[in-house]
Amino acid sequence: MSRDQAAEVRAVSGTSVDVGEVTTRYLLYGLLPSWFVPGLADWVMHRRTRIEETSGTKESVILPQRGYPQLMMAEVGVPIAATLRYEVNPALLAVQLGGAAVHEATALWDVKTAVDSGREVRPIEQHIHSFLESLPFAALASLMCLHSDQVRSLLRGGRGDPQAWRLVPRRRPLSPGYLAGVAAAIGTCVLLPYGEELLRCRRAARRDKKRATSDEAHWRATKGR
């Protein structure tokens with residue numbers, strides 16, 4: 001919404017519209033919390049298709065929201081943590097754009113790993129993946145619209161801004177209560193379920209390795225008779 005459009009809305013409704021405030025609230029209280037829902041749903045799909053018996057630890061380490069600082073978790077988590085902590089400037093936008101690009105490339109690798117392993121990737125899981133892939137881009141697009149001046153500065157290489165390529169702490173830090181809520185959501189919807197999944201995959205891998213070793217020993221003993 002442009003400034004002229006916002007002024008028109010104010011004139012018609014008689015209320016003040018702060019586009020920046022509305023967009024910020026959407027990002028903090030709408031889009032970011034909604035990211036946890038498909039992440040948890042993805043874990044449910046992995047459990048239903050018994051990931052530990054197919055792609056196992058390899059896919060569990062790749063996938064988007066995992067209990068340890070694994071690949072796609074870092075690709076999304078680092079930009080989110082930086083955005084919650086620092087002002088939006090060319091440096092932060094570069095971190096976000098880089099994270100989004102690498103996240104998308106890893107998402108393709110993730111699906112290929114699942115399919116090559118023989119694990120069934122059901123249509124509903126594919127739709128869940130679409131949300132996990134699109135939400136970071138939606139957040140980044142909203143942030144870039146909100147800070148178009150910093151986008152222009154990024155395109156100019158930060159010329160004329162001595163702090164363009166430094167991460168600058170927020171002038172108005174987010175409330176401790178909000179940050180605690182985000183941390184609690186990460187623990188409940190990310191760390192616990194995907195930590196359990198990774199543990200389950202590792203146990204299955206050890207069991208399969210032990211079984212293979214036992215079978216090989218039995219084959220060698222039989223061959224030597």
### Query
If you group Ile, Leu, Val, Met, Phe, Trp and Tyr by side-chain heavy-atom gaps below 4.5 Å, do Val88 and Leu174 land in one group?
yes

### Task
Given side-chain contact (heavy atoms from CB on, under 4.5 Å), test Glu197 with Arg47 step by step and report yes or no.
CA-CA 8 Å; Glu197 178 181 290; Arg47 190 172 182 86; over 6 Å; no

### Message
When you group the ILVMFWY residues by side-chain heavy-atom contacts below 4.5 Å and let the links chain together, are Val168 and Ile80 in the same group?
### Response
no

### Message
Tell me whether Asp42 contacts the main-chain N or O of Ile128 through its side chain, where contact means a donor paired with an acceptor under 3.5 Å.
### Response
no

### Message
Donor-acceptor check, side chain of Tyr194 to backbone of Cys189, threshold 3.5 angstrom: yes or no?
### Response
no

### Task
Mind listing the closest non-hydrogen atom pair of Pro193 and Thr188 along with its distance?
CD-O, 3.2 Å

### Task
Take Arg152 and Ser148 through the test side-chain contact (heavy atoms from CB on, under 4.5 Å) and record every step on the way to the result.
CA-CA 6 Å; Arg152 289 193 295 270; Ser148 58; 3.7 Å; yes

#### Entry: Verdict with supporting geometry, Val190 and Trp43, side-chain contact (heavy atoms from CB on, under 4.5 Å)
CA-CA 9 Å; Val190 178; Trp43 170 78; over 6 Å; no

### Query
Out of curiosity, Leu28 CG to Leu84 CG, how far, rounded to the nearest 0.5 Å?
7.0 Å

### Message
Tell me if the CZ atom of Arg170 is crowded by more than 12 foreign heavy atoms within 6.0 Å.
### Response
yes

### Query
Which value, rounded to the nearest 0.5 Å, describes the distance between Leu93 atom CG and Leu155 atom CG?
9.5 Å

### Query
What pair of heavy atoms forms the shortest contact from Arg85 to Pro169, and how long is it?
NH1-CB, 3.2 Å

### Query
When hydrophobic residues are tied together by side-chain contacts of less than 4.5 Å, even through go-betweens, does Leu167 share a cluster with Trp165?
yes

### Euclidean distance, Leu31 CG relative to Leu135 CG, rounded to 0.5 Å
5.0 Å

### Task
Work out which heavy atom in Ala100 is nearest to a heavy atom in Leu140; give both atom names and the distance.
CB-CD2, 4.3 Å

### Query
Counting only N and O atoms by type, is there a donor-acceptor contact under 3.5 Å from the side chain of Tyr178 to the main-chain atoms of Tyr29?
no

### Query
Would Leu154 and Leu97 satisfy side-chain contact (heavy atoms from CB on, under 4.5 Å), going step by step from the backbone distance to the final call?
CA-CA 11 Å; Leu154 174 65; Leu97 288 167; 3.8 Å; yes

### Task
For Ser153 and Asp149, indicate whether the former's side chain and the latter's backbone hold a donor-acceptor pair under 3.5 Å.
no

### Task
Please answer whether the main-chain N or O of Arg156 pairs with a side-chain N or O of Arg159 as donor and acceptor at a distance below 3.5 Å.
yes

### Query
Does Phe36 CZ have over 12 foreign heavy atoms under 6.0 Å away?
yes

#### Entry: Gap between atom CD of Glu87 and atom CD of Gln163 - 0.5 Å precision
9.5 Å

### Residue of the set Arg50, Met45, His46 for which side chain to side chain contact (heavy atoms under 4.5 Å, CB included) holds with Arg48
Met45

### Co-membership, hydrophobic cluster, residues Val95 and Leu146, 4.5 Å side-chain
no

### Task
Measure the spacing between OG of Ser130 and CD of Glu125 and express it to the nearest 0.5 Å.
11.5 Å

### Task
Mind listing the closest non-hydrogen atom pair of Pro33 and Gly30 along with its distance?
CD-O, 3.5 Å

### Message
According to a hydrophobic-cluster definition based on side-chain heavy atoms being under 4.5 Å apart (Ile, Leu, Val, Met, Phe, Trp, Tyr only), do Leu179 and Leu92 belong together?
### Response
yes

#### Entry: Distance (rounded to the nearest 0.5 Å) between Phe137 CZ and His103 NE2
8.5 Å

